[in-house]
Number of protein chains: 4
Amino acid sequence: MNTSTIQSKVKIQDARLDVLLKRYQVIRAFTDKLCESLENEDYVIQSMQDVSPTRWHIAHTSWFFETFILKNHCPDYQVFHKRFNYLFNSYYNAVGDQHCRDRRGVLSRPTVDQIYKYRSYIDEWILVLFDKCRDKLTDKVLDIFEVGLNHEQQHQELMLMDIKHVFSCNPLKPIYKNTEINVSGNPPAVQWIDFKEGLHEVGHRGEGFAYDNETPAHKVYLNNFQLASRLVTNGEYKEFMSDKGYSRAEFWLSDAWSLLKKEKWQTPLYWEFNDGEWWQFTLTGMKKVNDHEPVCHVSFYEADAYARWAGKRLPTEFEWEVVAKGVQKTGHFVEDENYHPIALNSENDGDPIKQLYGYVWEWTASPYMAYPGFKAAQGALGEYNGKFMCNQMVLRGGCCATSVSHIRPTYRNFFMPYNRWQFSGFRLAQ
Amino acid sequence: MNTSTIQSKVKIQDARLDVLLKRYQVIRAFTDKLCESLENEDYVIQSMQDVSPTRWHIAHTSWFFETFILKNHCPDYQVFHKRFNYLFNSYYNAVGDQHCRDRRGVLSRPTVDQIYKYRSYIDEWILVLFDKCRDKLTDKVLDIFEVGLNHEQQHQELMLMDIKHVFSCNPLKPIYKNTEINVSGNPPAVQWIDFKEGLHEVGHRGEGFAYDNETPAHKVYLNNFQLASRLVTNGEYKEFMSDKGYSRAEFWLSDAWSLLKKEKWQTPLYWEFNDGEWWQFTLTGMKKVNDHEPVCHVSFYEADAYARWAGKRLPTEFEWEVVAKGVQKTGHFVEDENYHPIALNSENDGDPIKQLYGYVWEWTASPYMAYPGFKAAQGALGEYNGKFMCNQMVLRGGCCATSVSHIRPTYRNFFMPYNRWQFSGFRLAQ
Amino acid sequence: MNTSTIQSKVKIQDARLDVLLKRYQVIRAFTDKLCESLENEDYVIQSMQDVSPTRWHIAHTSWFFETFILKNHCPDYQVFHKRFNYLFNSYYNAVGDQHCRDRRGVLSRPTVDQIYKYRSYIDEWILVLFDKCRDKLTDKVLDIFEVGLNHEQQHQELMLMDIKHVFSCNPLKPIYKNTEINVSGNPPAVQWIDFKEGLHEVGHRGEGFAYDNETPAHKVYLNNFQLASRLVTNGEYKEFMSDKGYSRAEFWLSDAWSLLKKEKWQTPLYWEFNDGEWWQFTLTGMKKVNDHEPVCHVSFYEADAYARWAGKRLPTEFEWEVVAKGVQKTGHFVEDENYHPIALNSENDGDPIKQLYGYVWEWTASPYMAYPGFKAAQGALGEYNGKFMCNQMVLRGGCCATSVSHIRPTYRNFFMPYNRWQFSGFRLAQ
Amino acid sequence: MNTSTIQSKVKIQDARLDVLLKRYQVIRAFTDKLCESLENEDYVIQSMQDVSPTRWHIAHTSWFFETFILKNHCPDYQVFHKRFNYLFNSYYNAVGDQHCRDRRGVLSRPTVDQIYKYRSYIDEWILVLFDKCRDKLTDKVLDIFEVGLNHEQQHQELMLMDIKHVFSCNPLKPIYKNTEINVSGNPPAVQWIDFKEGLHEVGHRGEGFAYDNETPAHKVYLNNFQLASRLVTNGEYKEFMSDKGYSRAEFWLSDAWSLLKKEKWQTPLYWEFNDGEWWQFTLTGMKKVNDHEPVCHVSFYEADAYARWAGKRLPTEFEWEVVAKGVQKTGHFVEDENYHPIALNSENDGDPIKQLYGYVWEWTASPYMAYPGFKAAQGALGEYNGKFMCNQMVLRGGCCATSVSHIRPTYRNFFMPYNRWQFSGFRLAQ
């Protein structure tokens, strides 16, 4: 390598450093912004096993930078509190034991104040690292740093999902944010868009950040299929309900039917029938169910049952991805500050396939599995995605609680088929 | 009744009003004092089903005065918040539905601030009632008011028990109060005090406050018995442990043995073996187990097993009561601010039976049942005690977390035989 | 002791031997008779944890004689099968480990044939013992032998309770015995019989067999009370049901109310509402509920709730016993072969208190506890009764599935307050 | 269609009738043969929820022919017992309600004798149908009849799996069949066989029976892969165990690790460590673990963990199928009457890939999902496979309890990833 190449390398490196530090500050600030309306008491509640207290998210995202960046790559770094590794490690066995997940809600200490001190402490040391120890910040370290940024964005979405569940359990129905949601949308009838069979490449290749579970890029063979031009709406879902969809075993997977019976599911999560009308709990308070909005907070089981009732099916994750790669990443994201999926407007923007990105995560028919040739990252970060590749289903496209900068066509989200507290909906295929 | 009798009646009534209002203020202030060291976050945690968040206790004790006094007897009283009756009713079905007991810990709202506002609001209206509506305060109403005072004292003790459990679940082991406990006590050897068989009256009769479950006074026939002069100590309990007490089925009731196996009990609650020594979690931090202190946080099952191991038995509640009626009510109560049972000092104070009051609640061999001729109070307050008269065992004497003014020889506390988070110990009989 | 005393002692001993051997044969034959109508497959089912397969009862009652008599006192006895001690020990920890109680129904082997071989083998050795080794049969050994006889009678009743539950779980509703039950009874109105307060002796004293839990005899003081002249009937219980008894929290103990909600209790066990009428499953098939029969298969919780609804209470075990000691032991027992409690006939037999014995076990208000000065038997048999003295309630008087020779005024049966598969009913007191 | 075609069609039809009736008789007789060694009591036990009593299998396989053939296509058929549809329907909601799956073991009636009468009754009516009503037996009906034959073969394997589990729960360890298993096998070292990437057709096409879940045939793209020449052996699996495989979280999926901790898994199912050696319970009694036999009764979780430990992975179901289509269907099946997977003999039979068929079912890395364009059968039979397409993993190749005539390269078996009571093992890929 000659000098000029080295210099250019250095410059690129410098540029990457600056960009990533800037993104760090923006993302960390956004976490703070999401908590603006919370009281101290709101930070500590765990309303079910899947939910983590807000406070835990605040600490855990800082713990991530502490554990994978500062402890390993910042020479003078002093650990803030020696028990925090135990308290705020989520599931990385390689990094040590963890406080039991379903006991996160029994901790009142450290207080929210202390946790924000911890957070500030980490922020200051990150500045020190980027300022004084730039030589430590090799590409490999920056790659991990970038995982940390994406990790925090994921937890921002989890914070919204979780606080929604927490508030929904309170008979006082607290309001996260007083916002008027635009209800004027009126989506056009579904159109069936044709795609031809053939070999396609799926997965992430080349530049830009992606999680390990999006790799390696590989070939899949897809048969002819048709994809619905938009998401299924509340209005359509009500027809399924009216047609006794929740009482007819023929539409339901065997496991789904057992669960539905046991849990007495009759509606999507957060719906209530009051005074002759359907209402739903949202982060902006109790609202009447708007027929034009995409149905949300349904499980894979419900999406699948609806599809059978409709004589259709859910798309596979690869059908979705192949289509999405040809579509602009426009949609309705967390930056719109609605914290709820709004209705699609009927105006024609030229793109026949709508709502692929944002609004609600789309359940696919695909179990979450490793791609051929998948290698989990080395060390503890290898536990980030790989060990969940069983019993879960893939969702695609992001939602109204996702950052637009966080999503891409190859992005694979995953939840248990019975989970419903995420902002999840679906579109049909055939 | 001639005029002079009426006047004297009025005066007594006035005096009672003044005394009760004064007690109200003292007791309410003591609740506040107990919370001095707590952070807002501490108020919301429910670490197991039996535990209530501190915040809930604060609100519920105010709800009690609102529901049974202000709503019924204060003409202008305006309800502070219409959902609080649902949120802060404990178990009075006659007063309406309740928020599910084991879900008290999923509520972040109302915030601690709001709850203290509620509390102040009630305090102000009580003042109004005692000031402006003295005519409403008949003896019958004041009787209920007095139940409210005792009720609040019970919850003060529950607050200490509950926050101890909450803190014990936190790996950081928060300290409720930094206090040096007097460890110089050194109890003398047990002496066996004789009591002769015969008919005795037990239960409450005459003046002074008592709960309905202490009535009516009635006769019981007691056989000859001997009562130990003091409580069983940690040191003595360790001998039982060393003798494999927790592994030998012959000492345990059948239900106890099943539970012990399932829960893997090996020690009293809050004990840990670290670095070759026994430690226990206390409200004043982790302390070495002091052999001279009474053993505490044992279940009835453990007390009973110890007694069999020792070739003795637990006293019945009536044996205890008959003896206690002849003894001064001195002991170690919450006013000493140790929040932990200290060791008995060996000095002779002339009373052969020691530690009957305070220190730890004493498990008795008596199931908690209605006295012959028992009538539960009318209305919702009839649910206070009566509906628990099954499956529980009686404890007597109060503990280091009980107010001295709250206890009396006829007082019957009761817990499930497997409960251990209360300050419970025991003495032997034979 | 002079010679004549010794001789008379020998004679009494001989007589006792003969009587006990005769009783052995009668009781063992009765066990066989109770199984006459069963198919091999019926012997192996465990329909819930409390139920044991018939086969297990057949084997366990033989195991009892093997373990406590033959192994210890018959010199040449050879164990039939070395694993049977593990398989057929119920709960005697002192005798060794046991097969898990709730797994008795997963065993198909030993087959029923093999178990009857085991049973015959024990019978033959008992004959050998009584024939060849009379010198071994000291009074102490015969006392244990007599426990064995009573033990087998208890299991005869359990066999009926258990097979009733097993058959009731089968949609084919098998019939244990085709018998016409006499339905002509028509009980007179309840009369309230007065008893005066005073000191009474309760418990067993003197000659005749009794379990350790009936001793020692001791004094109790009873207040004035009135006892109902007969048991509560189905007709009366239906009034409680019609008055929404199962939906009104005010009648129920707190634990009862939780259980009722969870288990969705609406009727006594085995009742069904079909075609506008109440039916009940019995050992003689599905029958219409007869208003004149005593209500049966109710838990303590239901008995207690009914009593509160009626403004009465349940009698204590001592009230029952004191009254029963003055009444003839006549009633309706298993020897009548109805396997169901028939209706009381209204004819006056001169005794104002009726149905104290037989028909149904009567729930009392008394928790099952040790009598003052109680000492459990030495060794494994000490586990027979003593270790269950917690969380259970006493029932008195025997039932239609009890042998008349098995019952006496001091007899204490005990079940958990929620148990209902035994033939249990109740009478009121006030 | 001209006359000659019609005639030839009729002849083919006749031939098919004869062949299927013959197969019916052979398969039904084989079911009987499998039960030869059972006692009546063995038929009724359900040792866990997944296990059905043998008696239930005997009845259910007859119910299948009654429900889908006789009731619909045999004009004079009279139902044997009107409640049997309720008792012996497994999970076909379209055919009516079912007796609760986990309560199959509480039924003692109908007795085994009655069930064999039912079975004979069905056999006689099938003969009537094939004799008198040949015109009813259209190809469509015969297709369903053929499903019934395959269905019965599946239940034959289930009967073996289930009775093995039942016997294993019995401390007497009953022996299903006294057979000497050939232990001389000594498998050669694993070889890695190369397969080139490319497009392949998978799934069933053309003649011959297949389940709906094997269709439609479709194209998949496979990358380069290597497949192990034989199954993983007990000896190899022991190395994983010795290397603390069950204690190292890094090898385990997240759900697997939770389950392993909860269930305390340390070995494959049926292994015990006695007197310094590994033993396993088999249908032919307790045997020392033979290092040369394929490891068996492991869950998907264990297979997957082993693969990670070995630095390999499990093959996908399509990798397996593509390879299997080129290999002779030879192996070790139920017809060998070992009821246990024997060791591979090292002799070279010319085929580099061994043990693809028979021995043990091979776990694959593939979740059980619908093939592109999959349509479930119409009506109740559509519930046969389709509604289980979630949360399960595919296994391939059959086992020592499978009939050789039942298996084919496209055959997809499926179990929950935690199931281990089937004869399941695995081979590695990379």
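Source: prediction; values computed, not measured. Here is how names work: the chains are called A, B, and so on, in the same order as the sequence lines, proteins then strands, and each is numbered from 1.
Contacts between residues 300-313 of chain D and chain A, counted as heavy-atom pairs separated by less than 4.5 Å, involve D:Phe300, D:Tyr301, D:Arg308. Contacts with chain A (heavy atom to heavy atom, under 4.5 Å) involve these residues of residues 248-256 of chain D, listed by number: D:Ala249, D:Trp252, D:Leu253, D:Ser254, D:Asp255. Contacts from residues 409-417 of chain A to chain D, taken as heavy-atom pairs separated by less than 4.5 Å, involve A:Met416, A:Pro417 in sequence order. Residues of residues 367-383 of chain D lying under 4.5 angstrom from chain A, judged on non-hydrogen atoms, are D:Pro367, D:Met369, D:Pro372 by number.
With a 4.5 Å cut-off on non-hydrogen atoms, A:Leu199 touches chain D through its side chain but not through its backbone. Both the backbone and the side chain of D:Asn391 have a heavy atom closer than 4.5 Å to some heavy atom of chain A. Of the atoms belonging to A:Asn93, it is side-chain heavy atoms, and not backbone ones, that fall under 4.5 Å from chain D.
With chain A as the partner, the residue from D:Tyr221, D:Phe225, D:Phe388 showing the most heavy-atom pairs under 4.5 Å is D:Tyr221. Of the listed residues D:His218, D:Lys387, D:Glu197, the one with more heavy-atom pairs under 4.5 angstrom with chain A than any other is D:Lys387.
Around atom OH of D:Tyr418, no more than 12 heavy atoms belonging to other residues, nucleotides or ligands sit under 6.0 Å away. Shown here is D:Asp194, whose CG atom has more than 12 heavy atoms of other residues, nucleotides or ligands within 6.0 Å.
Taken to the nearest 0.5 Å, the OG atom of A:Ser258 stands 13.0 Å off from the OH atom of D:Tyr91.
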